[in-house]
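Inspection log for the structure reproduced underneath, given as structure tokens.
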Amino acid sequence: MEQKADFVPLDESFFQQPTLQLAESLLGCLLVKETKEGTAAGFIVETEAYRGPLDRAAHSFNNRRTKRTEIMFHEAGRIYTYVMHTHCLVNVVTGEEGVPEAVLIRAVEPYEGIDLMFERRGGTSMKNLTSGPGKLTKAMGITMEDYGNRFDQRPLYITKGFTPEDISTGPRIGIDNSGEAKHYPWRFWVTGNQYVSR
DNA sequence: CAGCAGATAGACT
DNA sequence: GTCTATCTGCTGC
């Protein structure tokens, strides 16, 4: 009876929305990671959409299909983790089988397992704990182990959170060498939330 | 606030 | 073998 029944993963049909719409729908949802050290959870407050063939900023631009991007060609709801420099980033795969699109989770608001997150992140402030894509994966213990799993089942999954009052959009971050694509307003965040990366 | 080091996986010559 | 990358934290003006 140790098991918490509070967190019920979202149904897979949730992920079967157009990528831009899903990026917006994900705001306010609760991202949960269960490990043997404990459970860490946080509300998603910032996302970015990456749209395969059309999007120069996406790893899957021009349908580039490699070992790394392979998972983006799968059905919606898969987990795409990617190691960048010293950090791991986490994406939600969207689109139907064969359509390489994804949503990057850029920031969450800490909700449960906050002590555990501080332990993993070392000395830092509450505001700095999960306010960035590399920070949140470290705080929650998300790694390449999660690559290819599904967001509708443990140990890494998404469940219902709150409904954001107001949502902002703007250009994405960290894709300066992507030509035109860098101006696309495919970044979404909860307006005014202090855990948004910038 | 600009500049840069850090450290790993995968693409490309 | 070399180069780039969906970033972060620290240093020095």
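Residue numbers start from 1 in every chain, and the chains themselves are labelled A, B, ... in the order their sequence lines are given, proteins ahead of strands. In what follows, every heavy atom counts, from backbone to side chain, and hydrogens, waters and symmetry copies are set aside.
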Which of the following nucleotides, C:dG9, B:dA11, C:dC7, is nearest to the side chain of A:Asn128?
-> C:dG9
Checking all strands, does A:Ala58 fall into the base, sugar-phosphate, or nothing category for heavy-atom contacts under 4.0 angstrom?
-> base
Can you figure out which of C:dC7, C:dT4, C:dT8 approaches the side chain of A:Leu89 most closely?
-> C:dC7
What integer distance in Å separates A:Glu145:CD from B:dA9:P?
-> 12 Å
CD of A:Gln21: more than 12 outside heavy atoms within 6.0 angstrom?
-> yes
For A:Arg56, answer base if it contacts any base atom (sugar-phosphate contacts may also be present), sugar-phosphate if it contacts only those atoms, and nothing otherwise; contact means non-hydrogen atoms under 4.0 Å.
-> nothing
So does A:Glu48 pair up with A:Arg172, basic N to acidic O under 4.0 Å?
-> no
Starting at CZ of A:Arg198 and ending at P of B:dA2, how long is that distance when rounded to a whole Å?
-> 11 Å
Identity of whatever pairs with B:dA5 - Watson-Crick or G-U, under 3.5 angstrom = C:dT8
Closest-nucleotide 5' rank along DNA chain B - winner of A:Thr66 and A:Thr86 | A:Thr86
Atom pair distance, as rounded to whole Å: CG in A:Leu136 and C1' in C:dC7 = 12 Å
Could you state the CZ-C1' distance from A:Arg65 to B:dG10, rounded to the nearest angstrom?
-> 17 Å
Using 4.0 Å as the upper bound for N to carboxylate O, is an ion pair formed by A:Glu70 and A:Arg78?
-> no
Proximal nucleotide (of C:dT4, C:dC7, C:dT8) relative to the A:His85 side chain | C:dC7
C:dC7 P sits how many Å from A:Asp176 CG, rounded?
-> 9 Å
Rounded distance in Å - CD (A:Glu46) to C1' (C:dC7) = 13 Å
Rounded to the nearest angstrom, tell me the gap between atom CG in A:Leu104 and atom C1' in C:dA5.
-> 13 Å
Does A:Arg68 put a side-chain nitrogen or oxygen below 4.0 Å from OP1 or OP2 of C:dA5?
-> no
Rounded distance (Å) that lies between atom C1' of B:dT8 and atom NZ of A:Lys138 = 15 Å
Nearest non-hydrogen partners of A:Ala57 and A:Ala181, listed with the distance = N-CB, 3.9 Å
Counting side-chain heavy atoms from C-beta on, which of C:dC7, C:dA5, B:dC12 comes nearest to A:Arg64?
-> B:dC12
Kindly indicate whether a cation-pi arrangement holds for A:Arg56 with A:Tyr184, taking the cut-offs as under 6.0 Å to the six-membered ring centre and within 45° of the axis.
-> no
Start at the 5' end of DNA chain C and walk down; is the nucleotide closest to A:Asn177 or to A:His87 reached first?
-> A:Asn177
